[in-house]
Student: 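First the structure, then my questions, so here it is.
All chains are named by letter (A, B, ...) in the order of the sequence lines, taking the proteins before the strands, and each is independently numbered beginning at 1. Values below: every heavy atom of this structure, side chains too, minus hydrogens, waters and symmetry copies. The shown structure was predicted, so the numbers you read here are calculated from the model rather than taken from an experiment.
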Amino acid sequence: METLGFFDQVYEVVKLVPPGRVTSYGAIAAYLGSKGSARMVGWAMNQSHKMSYNIPAHRVVNRKGLLTGKAHFGGYDVMRQLLESEGIIIEGDQIINFGERFWDPAKELFPL
DNA sequence: AACTTGACGGTCA
DNA sequence: ATGACCGCCAAGT
């Protein structure tokens, strides 16, 4: 029986992303296996603001390192400011040096 | 109950 | 390299 829903598992992973690093919707979905798709992770982030927990949703971007979710942070550049405050450089909506900033749960975390 | 809409990503032309 | 297409499936209409 599943104690935790898919969304909860997503939130657990996101909370483990270190400051100054980012991961992607697809990477989280892959880490959680066949339980959900990247779209579901995106939907989980969409709902994350309703959670009492503090979810660092700004550390989740798309697979190219683009800030595709920025519109959901209230102000137009809130997501960008949060990332820059952690030392991440952004031009336009693109994270610079995305390869070095990328944090892959499948490689950094133990298997589920 | 049926149809549309995405914070996505892989494939193919 | 760029763009269309499509599978994914929870929520909102």
Side-chain angles (χ1 to χ4, degrees):
Chain A
M1 87 173 240
E2 292 293 272
T3 323
L4 259 34
F6 177 71
F7 281 24
D8 296 305
Q9 296 185 51
V10 171
Y11 298 145
E12 290 305 310
V13 174
V14 175
K15 284 193 285 189
L16 295 175
V17 180
R21 307 288 299 280
V22 295
T23 191
S24 71
Y25 306 96
I28 294 173
Y31 176 69
L32 294 180
S34 54
K35 297 172 182 175
S37 61
R39 270 200 192 285
M40 292 302 95
V41 176
W43 187 252
M45 290 302 98
N46 189 31
Q47 302 293 297
S48 66
H49 67 88
K50 297 179 180 173
M51 311 302 294
S52 50
Y53 296 87
N54 200 26
I55 316 284
H58 59 283
R59 299 190 190 129
V60 186
V61 299
N62 82 347
R63 74 158 174 148
K64 300 175 187 169
L66 283 167
L67 279 50
T68 48
K70 64 176 185 180
H72 297 267
F73 285 81
Y76 184 74
D77 59 348
V78 173
M79 183 179 189
R80 171 174 174 171
Q81 288 182 346
L82 286 169
L83 289 171
E84 288 184 333
S85 73
E86 298 180 355
I88 293 178
I89 312 298
I90 299 165
E91 274 181 23
D93 291 330
Q94 172 66 52
I95 293 177
I96 305 302
N97 268 329
F98 179 57
E100 297 175 15
R101 296 298 192 170
F102 184 64
W103 183 88
D104 186 356
K107 294 177 181 173
E108 311 285 352
L109 260 32
F110 291 101
L112 233 44

Student: Counting any heavy atom closer than 4.0 Å, what does A/Asn46 reach on the DNA or RNA strands: base, sugar-phosphate only, or nothing?
Tutor: base
Student: Tell me which residues in residues 22-29 of chain A lie within less than 4.0 Å of DNA chain B, going by non-hydrogen atoms.
Tutor: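 Within this stretch, A/Ser24, A/Tyr25, A/Gly26 sit under 4.0 Å of the strand.
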Student: Go through the steps for A/Val22 and A/Val17 under the test side chain to side chain contact (heavy atoms under 4.5 Å, CB included), then give the verdict.
Tutor: CA-CA 7 Å; A/Val22 295; A/Val17 180; 5.6 Å; no
Student: I'd like to know if the side chain of A/Tyr25 and the backbone of A/Met45 have a donor-acceptor N/O pair within less than 3.5 Å.
Tutor: no
Student: List, one per line, each side-chain donor-acceptor pair under 3.5 Å for residues 86-96 of chain A, sequence neighbours excluded.
Tutor:
{"residue": "A/Glu86", "atom": "OE1", "partner": "A/Gly20", "partner atom": "N", "Å": "3.0"}
{"residue": "A/Glu86", "atom": "OE1", "partner": "A/Arg59", "partner atom": "NE", "Å": "3.1"}
{"residue": "A/Glu86", "atom": "OE2", "partner": "A/His58", "partner atom": "NE2", "Å": "3.0"}
{"residue": "A/Glu86", "atom": "OE2", "partner": "A/Arg59", "partner atom": "NE", "Å": "3.2"}
{"residue": "A/Glu86", "atom": "OE2", "partner": "A/Arg59", "partner atom": "NH2", "Å": "2.7"}
{"residue": "A/Asp93", "atom": "OD1", "partner": "A/Lys70", "partner atom": "NZ", "Å": "3.1"}
{"residue": "A/Asp93", "atom": "OD2", "partner": "A/Lys70", "partner atom": "NZ", "Å": "2.9"}
{"residue": "A/Gln94", "atom": "NE2", "partner": "A/Lys64", "partner atom": "O", "Å": "3.0"}

Student: Identify the two heavy atoms, one from A/Leu109 and one from A/Tyr31, that lie closest to each other, and give their separation to 0.1 Å.
Tutor: CB-OH, 3.6 Å
Student: Taking A/Asn62 for the side chain and A/Gly65 for the main chain, is one N or O donor matched with an acceptor at less than 3.5 Å?
Tutor: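 Checked: pair present.
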Student: Can you give me the first and the last nucleotide of DNA chain B (5' to 3') that has an atom within less than 4.0 angstrom of a non-hydrogen atom in chain A?
Tutor: B/dG6 to B/dG10
Student: If you look at every heavy atom in A/Asn46 and A/His72, which pair is closest and at what distance?
Tutor: OD1-ND1, 3.5 Å
Student: May I ask you to decide if the ring planes of A/Phe98 and A/Phe102 are parallel, tilted or perpendicular, using 30° and 60° as cut-offs?
Tutor: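 Plane angle between 30° and 60°, so tilted.
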Student: Looking at every heavy atom in both A/Leu67 and A/Arg80, which two are closest together, and how far apart are they?
Tutor: CD2-CA, 4.0 Å
Student: With sequence neighbours left out, what residues match A/Arg101 under side chain to side chain donor-acceptor pair (under 3.5 Å)?
Tutor: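 For A/Arg101, no residue satisfies side chain to side chain donor-acceptor pair (under 3.5 Å) once neighbours in sequence are set aside.
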Student: For DNA chain B, report each stem as range with range, ordered by first number, or say none. Use Watson-Crick or G-U wobble pairs under 3.5 Å, at least 3 in a row.
Tutor: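 Expected stems, ordered by start: B:2-6 with C:9-13, B:8-13 with C:2-7.
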Student: Return the minimal non-hydrogen interatomic distance between A/Leu82 and A/Ser85, and the atom names on each side.
Tutor: O-OG, 2.6 Å
Student: Restricting to non-hydrogen atoms, name the atom on A/Pro105 and the atom on A/Val13 that form the minimum distance, rounded to 0.1 Å.
Tutor: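 The pair with the smallest heavy-atom distance is CB-CG1, 4.0 Å.
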Student: With rounding to the nearest 0.5 Å, note down the distance linking CD in A/Glu12 to CG in A/Leu32.
Tutor: 10.5 Å
Student: Classify every nucleotide of nucleotides 6-13 of chain C by which part a protein heavy atom approaches to under 4.0 Å, writing B for the base, S for the sugar-phosphate alone and - for neither, in 5'-to-3' order.
Tutor: -BBBSS--
